[in-house]
Number of protein chains: 2
Amino acid sequence: MDYVNMESYLKAISDHNRMLILKYLTKDSLCICEFTELLDMTQPAVSQHMRKLKAAELVTEEKRGRWTIWSLNVRHGLYPMLIHLLSLLPEPEITVESLAANGKKVVCE
Amino acid sequence: MDYVNMESYLKAISDHNRMLILKYLTKDSLCICEFTELLDMTQPAVSQHMRKLKAAELVTEEKRGRWTIWSLNVRHGLYPMLIHLLSLLPEPEITVESLAANGKKVVCE
DNA sequence: TGTATAAATAAGCAAACGCTTATATAATGA
DNA sequence: TCATTATATAAGCGTTTGCTTATTTATACA
């Protein structure tokens, strides 16, 4: 890992909304439309954050019908450190469970 | 540590020049004029980087005559993680020892 | 004193960032 | 086939970033 790679990696996680996204992903794989609810953000804004996280190889995507399911990339060399960093952050107020309660949780069969 | 604090902390280290500065500081306390040699950078550029690192409480400064000696803030809660991150980065090509060899090492008595 | 040196600060600038709105693409299902 | 839904992409905009040059402040020393 050289200085430029490390800079790219750290810049990718140096945003409070992307940290929230990563925090959610430690518990669940989620799609863009769920993040728009969880973060109260527009769809393009979430989409652009995911593109940055993907470019840094922090997340992986899997197409399922019309949804794209995003997951943490557990194979990343700095994954353990990321998990530790995220463990220092509080649980978000809006939970994935509350999504389910409102019928907003996406279930791909 | 909330999301905004973590964002500020990560943004402070998300720069390859500041990572280099921090890497040097893991071995030695140094002053601005030494960093200008080590990083081949102008004095104001280094000074502005130190201001950012200080704002994030990553470094401490001590005035000694006309020099300001900068050190890592070992009391920072994320200091152990920082050390780990820096350990993943290669040793810089220009060393503090080479400064001394060229008579550029500052010695405050 | 006056001069040299170390560092901080200010203003300016190009590039990157995080968002917006508008639009395009692709899959679903009536 | 056509409308709906999920996502991606594009263009634009205000803010931030990392540098530059110029200047100021402060200390050391002949």
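Residue numbers begin at 1 in each chain, while the letters A, B, ... track the order of the sequences.
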K.L.:
Using a cut-off of strictly less than 4.0 Å between a heavy atom of the residue and any atom of DNA chain C, enumerate the qualifying residues of residues 22-53 of chain B by number.
P.N.:
Cys31(B), Ile32(B), Cys33(B), Gln43(B), Pro44(B), Ser47(B), Gln48(B), Arg51(B)
K.L.:
Atom CD of Glu61(A) to atom P of dT7(D): distance rounded to whole Å?
P.N.:
11 Å
K.L.:
OP1 or OP2 of dT25(C) less than 4.0 angstrom from a side-chain nitrogen or oxygen of Arg66(A), does that happen here?
P.N.:
no
K.L.:
Whole angstroms only, please: what is the OH-P distance between Tyr3(B) and dG18(C)?
P.N.:
17 Å
K.L.:
Between Arg75(B) and Glu57(B), does at least one N-O distance fall below 4.0 Å, as a salt bridge requires?
P.N.:
no
K.L.:
What is the distance, rounded to the nearest whole Å, between atom CD of Glu7(A) and atom C1' of dC19(D)?
P.N.:
13 Å
K.L.:
Say whether Val96(A) and Leu72(A) are linked into one hydrophobic cluster, either directly or through other cluster members, by side-chain heavy-atom distances under 4.5 angstrom.
P.N.:
yes
K.L.:
Rounded to the nearest angstrom, tell me the gap between atom CH2 in Trp70(A) and atom C1' in dT7(D).
P.N.:
10 Å
K.L.:
Would you say Arg18(A) reaches dG18(C)'s phosphate, i.e. side-chain N/O to OP1/OP2 under 4.0 Å?
P.N.:
yes
K.L.:
To the nearest Å, how far apart are Arg64(A) CZ and dA26(C) C1'?
P.N.:
18 Å
K.L.:
Can you check whether Thr60(A) reaches Trp70(A) side chain to side chain, under 4.5 Å on heavy atoms?
P.N.:
no
K.L.:
Could you tell me whether a side-chain N or O of Asp15(A) sits under 3.5 Å from a main-chain N or O of Asn17(A), the two making a donor and an acceptor?
P.N.:
yes
K.L.:
Taking atom P of dT15(D) as reference, at what distance in whole Å does atom CG of Asp15(A) sit?
P.N.:
18 Å
K.L.:
Can you tell me how far P of dT16(D) sits from NZ of Lys11(A), to the nearest Å?
P.N.:
16 Å
K.L.:
With a 4.5 Å cut-off on side-chain heavy atoms, are Thr42(B) and Thr36(B) touching?
P.N.:
no
K.L.:
When the distance from CG of Asn17(A) to P of dG18(C) is rounded to whole Å, what number comes out?
P.N.:
9 Å
K.L.:
How close do Lys52(B) and Ala12(B) get, heavy atom to heavy atom, and via which atoms?
P.N.:
O-CB, 4.4 Å
